[in-house]
Peer 1: 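Have a look at this one.
If you're wondering where the values come from, they're calculated on a predicted model, not measured in any experiment. What's counted below: heavy atoms across the whole structure, side chains too, no hydrogens, waters or symmetry copies.
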Amino acid sequence: EFYIDKFEVTVALYAEFVEALEADPDNAKKWDHIDQPAYKQHHYPAGTPSAWKLYYRAAKEGGKWRLEDGEHMLEIEVDLNCPIVMVDWWDAYAYANWRGRRLPTEQEWEKAARGRMGKTYPWGEQMDYSKLNSGIDYIEPGKTAPDVEVKVQNASVEPKRRVVYM
């Protein structure tokens, strides 16, 4: 038996964690995993303190945050109730530890994702992209998007490559 949160960690909740680490930098490392790599020096989403500050400000203002990767640019609507993004496993571990919780095991995650009925997908047996939280909905109409690879891990379904045009 295990418990798992019903909702994702929001920007607002993760911001509390970041603020706690900033308020007490001497104790910030106590939340880290013992095997955390030496290069992993902080838990700011988006990679740097300055990028986090821009993202967090956009969330507080209920505005748009600009994400660029050199070839593509997306403006993502964000607010404090949006799920936190751009965190890695080390960030998630430290956050859960700080909250007095832990990350689910692979088996617990699978059980939670399939639901009590053990379906292939939480909503049933058929893939329904409208129910998939993939970020595709942030691509503005009229703009092209990079290829989005959707991997379905089911022996009866081949992995598919889906290109989104809007």
Side-chain angles (χ1 to χ4, degrees), residues 1-123 131-139 146 148-153 159:
E1 186 172 303
F2 66 98
Y3 292 93
I4 193 166
D5 288 351
K6 185 175 181 177
F7 300 104
E8 302 94 342
V9 174
T10 64
V11 174
L13 290 173
Y14 198 85
E16 291 176 16
F17 169 60
V18 170
E19 289 167 4
L21 297 183
E22 290 175 339
D24 190 5
D26 293 337
N27 285 319
K29 293 292 179 194
K30 77 179 184 181
W31 308 115
D32 293 349
H33 190 278
I34 191 167
D35 295 326
Q36 182 168 302
Y39 67 82
K40 180 72 177 171
Q41 294 295 313
H42 60 75
H43 295 291
Y44 292 105
T48 65
S50 59
W52 162 247
K53 288 182 188 339
L54 291 172
Y55 181 75
Y56 185 50
R57 181 176 35 191
K60 286 195 296 189
E61 295 170 357
K64 290 188 177 188
W65 184 68
R66 184 174 281 189
L67 177 63
E68 298 182 49
D69 70 359
E71 292 182 40
H72 304 92
M73 191 275 296
L74 299 174
E75 284 190 339
I76 300 170
E77 290 185 29
V78 63
D79 63 48
L80 292 174
N81 289 319
C82 287
I84 191 66
V85 295
M86 298 175 292
V87 295
D88 61 22
W89 186 89
W90 307 106
D91 299 327
Y93 177 91
Y95 172 83
N97 196 15
W98 175 76
R99 275 281 201 234
R101 298 179 182 162
R102 65 174 176 82
L103 296 177
T105 65
E106 183 177 352
Q107 292 82 13
E108 290 167 342
W109 185 258
E110 182 75 16
K111 175 69 174 169
R114 289 182 178 268
R116 292 184 177 161
M117 301 300 289
K119 305 248 183 216
T120 302
Y121 305 100
W123 55 82
K131 295 181 178 178
L132 180 67
N133 185 4
S134 66
I136 292 173
D137 53 331
Y138 288 110
I139 299 168
V148 177
E149 187 173 334
V150 178
K151 292 183 180 178
V152 179
Q153 295 188 3

Peer 1: State which residues pass side-chain hydrogen bond (donor to acceptor under 3.5 Å, both in side chains) with Thr48; sequence neighbours excluded, sorted by chain then number.
Peer 2: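 Thr48 satisfies side-chain hydrogen bond (donor to acceptor under 3.5 Å, both in side chains) with Ser50 once adjacent residues are dropped.
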Peer 1: Apply side-chain hydrogen bond (donor to acceptor under 3.5 Å, both in side chains) to Asn27 and list each qualifying residue two or more places apart in sequence or on a separate chain.
Peer 2: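 side-chain hydrogen bond (donor to acceptor under 3.5 Å, both in side chains) check on Asn27 returns Asp24.
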Peer 1: Might you point out which heavy atoms bring Trp65 and Ala51 nearest each other, and give the distance in Å?
Peer 2: NE1-O, 4.2 Å
Peer 1: Could you please spell out the steps behind the side chain to side chain contact (heavy atoms under 4.5 Å, CB included) verdict for Tyr55 and Val85?
Peer 2: CA-CA 10 Å; Tyr55 181 75; Val85 295; 3.5 Å; yes
Peer 1: Rounded to the nearest 0.5 Å, what's the gap from CD on Glu8 to CG on Asn81? Could you check?
Peer 2: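 Result: 11.0 Å between the selected atoms.
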Peer 1: What residues form a ring pair (Phe, Tyr, Trp, His ring centres under 6.0 Å) with His42, not counting sequence neighbours?
Peer 2: Tyr44
Peer 1: So, using salt bridge (charged side-chain N to carboxylate O under 4.0 Å, His left out) as the criterion, who are the partners of Lys53 when residues are at least two apart?
Peer 2: Glu22
Peer 1: Do Glu108 and Ile4 have side-chain heavy atoms sitting under 4.5 Å apart?
Peer 2: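 No; the side chains remain at least 4.5 Å from each other.
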Peer 1: Rounded to the nearest 0.5 Å, how far apart are NZ of Lys64 and CD of Glu77?
Peer 2: 5.0 Å
Peer 1: State, to 0.1 Å, how close Arg114 and Thr120 come at their nearest heavy-atom pair, and which atoms those are.
Peer 2: NH1-CA, 3.3 Å
Peer 1: Could you measure the distance from the CD atom of Gln41 to the OH atom of Tyr39? Nearest 0.5 Å is fine.
Peer 2: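 Separation between the atoms: 11.0 Å.
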Peer 1: State which residues pass ring pair (Phe, Tyr, Trp, His ring centres under 6.0 Å) with Tyr56; sequence neighbours excluded, sorted by chain then number.
Peer 2: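 Here the qualifying residues are Trp52.
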Peer 1: Take atom OH of Tyr3 as the centre, draw a 6.0 Å sphere, and report whether it contains more than 12 heavy atoms from other residues, nucleotides or ligands.
Peer 2: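 No, the 6.0 Å shell around OH holds no more than 12 heavy atoms from other groups.
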Peer 1: Looking only at heavy atoms, which two atoms of Lys40 and Trp90 are closest? And how far apart?
Peer 2: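 Shortest heavy-atom separation between Lys40 and Trp90 comes out as CE-CB, 4.0 Å.
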Peer 1: Which residues pass the salt bridge (charged side-chain N to carboxylate O under 4.0 Å, His left out) test with Lys29, sequence neighbours left out?
Peer 2: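 Here the qualifying residues are Asp32.
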Peer 1: Closest heavy-atom contact between Pro104 and Trp109?
Peer 2: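 It is CG-CE3, 3.6 Å.
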Peer 1: What is the minimum heavy-atom distance between Pro122 and Ala113, and which atoms define it?
Peer 2: CG-O, 2.8 Å
Peer 1: My understanding is that only residues two or more places apart in sequence, or in another chain, count here; which of them pass side chain to side chain contact (heavy atoms under 4.5 Å, CB included) with Ala12?
Peer 2: Thr10, Leu80
Peer 1: Suppose we screen for ring pair (Phe, Tyr, Trp, His ring centres under 6.0 Å). Which residues come up paired with Trp89, at least two apart in sequence or across chains?
Peer 2: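 With sequence neighbours excluded, Trp89 shows a ring pair (Phe, Tyr, Trp, His ring centres under 6.0 Å) to His33, Tyr93, given in chain and number order.
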Peer 1: What residues form a side chain to side chain contact (heavy atoms under 4.5 Å, CB included) with Val9, not counting sequence neighbours?
Peer 2: Leu13, Tyr14, Ile84, Tyr95
Peer 1: Going by side chain to side chain contact (heavy atoms under 4.5 Å, CB included), name the residues that satisfy it together with Trp123, two or more places apart in sequence or in a different chain.
Peer 2: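 Once residues adjacent in sequence are excluded, the partners of Trp123 under the side chain to side chain contact (heavy atoms under 4.5 Å, CB included) criterion are Tyr121, Met127, Asp128, Lys131.
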Peer 1: Over all heavy atoms of both residues, which pair between Ala59 and Val11 is shortest? Give the atoms and the distance, please.
Peer 2: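 Shortest heavy-atom contact: CB-CG1, 3.7 Å.
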Peer 1: In chain order, what residues pass the salt bridge (charged side-chain N to carboxylate O under 4.0 Å, His left out) check against Asp79, with sequence neighbours excluded?
Peer 2: none
Peer 1: Can you tell me how far CH2 of Trp31 sits from CH2 of Trp98, rounded to the nearest 0.5 angstrom?
Peer 2: 8.5 Å
Peer 1: Kindly write out the residues that satisfy salt bridge (charged side-chain N to carboxylate O under 4.0 Å, His left out) with Glu16, not counting sequence neighbours, or none if the list is empty.
Peer 2: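 Checked Glu16 against salt bridge (charged side-chain N to carboxylate O under 4.0 Å, His left out); matches are Arg99.
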